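As the structure lists them, so they are numbered: ligands from 1, and atoms in each ligand from 1. Atom set for the values below is all heavy atoms of this structure, side chains included, hydrogens, waters and symmetry mates excluded. Keep in mind the model is a prediction, meaning the values are calculated, not measured.
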Amino acid sequence: MNTKKNISVCFTADQFEKYADGKSTVVVVDVLRATSVISTAFMQGVQVIIPVQNLDEALEYKGKEGCIVAAERNAKPIEGFDYGNSPFHYINADVAGKTLVLTTTNGTKAIYYAKEHKVLTASYINIEAVAQHLIEEHNDVIILCSGWKGVFNLEDPIFAGSLAKLLLETGSYESNCDSLFASMQLLKSADGNLFTYLSDSSHRKRLKSLNMEDDTRFCLSPPVKSDIIPILKDGKLVVL
Ligand code: MLT
């Protein structure tokens, strides 16, 4: 009989050092929008995604054969880059086989903070595939919410609640993490309608102010699902 594995939820990238144990599988989520973008880009045929921490590092790849450079700060695209951070950049676009160099306000930072662990990225696009992989792997899990500039956001913990629910339902996991229980309470409160529930959330309002509500709708209720699981290998995200 397998012992139950532990799940914990870390609410912001900046808190990760308090959860890091060097052995858990870390699932990074930035559902609005970085990890949803990562799932979409891989679905559309991008071969490799290089998450980088700053704009200058990303610009070193600008113009390189087969490279797309994408940057977002404060939800806005950055001048001089090929793309911002919308999933729609990659749909019906010539991205198959390309390398995407990506830097965002929070999501790529969370990936960096967790790099000493096995790191997967998740979104509502690949949540079922990620859950199935974790169940088969049977390891402790840390769900790392990216948050917003070091503070709590609503959407990532709700996603954490969705993923934790799928894992706990198997009976193969346990948790003594209040952040996880809070995440599951938030999920219950959302009652299946995340878009409405998040009407007053800071990031949904931020995206709405930039006329990006379609991005929010897509990321919270994606029209398609994917079984692609991005995993971090030598600083690059590749398909598991
Ligand atoms: C982030 O990484 O902070 C988010 O993806 C921001 C965004 O793209 O809206």
Stepwise salt bridge (charged side-chain N to carboxylate O under 4.0 Å, His left out) test for Lys5 and Glu174 = CA-CA 6 Å; Lys5 293 300 180 179; Glu174 60 191 5; over 6 Å; no
ask   = How far is atom 8 (O) of ligand 1 from its nearest protein heavy atom, and which residue and atom is that?
value = Asn85 ND2, 2.6 Å
ask   = Quick one: nearest non-hydrogen protein atom to atom 1 (C) of ligand 1, plus distance?
value = Asp30 OD2, 2.9 Å
query = For His203, is the nearest heavy atom under 4.0 Å from an atom of ligand 1?
reply =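 So His203 counts as touching ligand 1.
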Can you find an N/O atom of [X] closer than 3.5 Å to an N/O atom of ligand 1?
| X | answer |
| --- | --- |
| Gly107 | yes |
| Thr108 | no |
| Ala34 | yes |
| Asn106 | yes |

Which of the ligand 1 atoms, numbered from 1, are nearer than 4.0 Å to a heavy atom of Thr104 = 1 (C), 2 (O)
Quick one: does any side-chain atom of [X] pair with a main-chain N or O of [Y] as donor and acceptor, under 3.5 Å?
| X | Y | result |
| --- | --- | --- |
| Asn126 | Thr121 | yes |
| Thr35 | Asp30 | yes |
| His117 | Val26 | no |

task = Examine Ile38 and Val29 and state if one hydrophobic cluster contains both, with Ile, Leu, Val, Met, Phe, Trp and Tyr joined whenever side-chain heavy atoms are less than 4.5 Å apart.
result =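 No, Ile38 does not connect to Val29 through the hydrophobic network.
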message = Set out, in order, the CA-CA distance, both residues' side-chain angles and the distance that settles side-chain contact (heavy atoms from CB on, under 4.5 Å) for Arg204 and Glu155, then state yes or no.
response = CA-CA 9 Å; Arg204 182 176 159 195; Glu155 64 271 15; over 6 Å; no
task = Check each heavy atom of Arg33 against ligand 1 and say whether those closer than 4.0 Å belong to the side chain, the backbone, both or neither.
result =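 Both backbone and side chain.
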ask   = Is Lys76 atom NZ crowded by more than 12 heavy atoms from other residues, nucleotides or ligands, each under 6.0 Å away?
value =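 Check fails, neighbour count at 12 or below.
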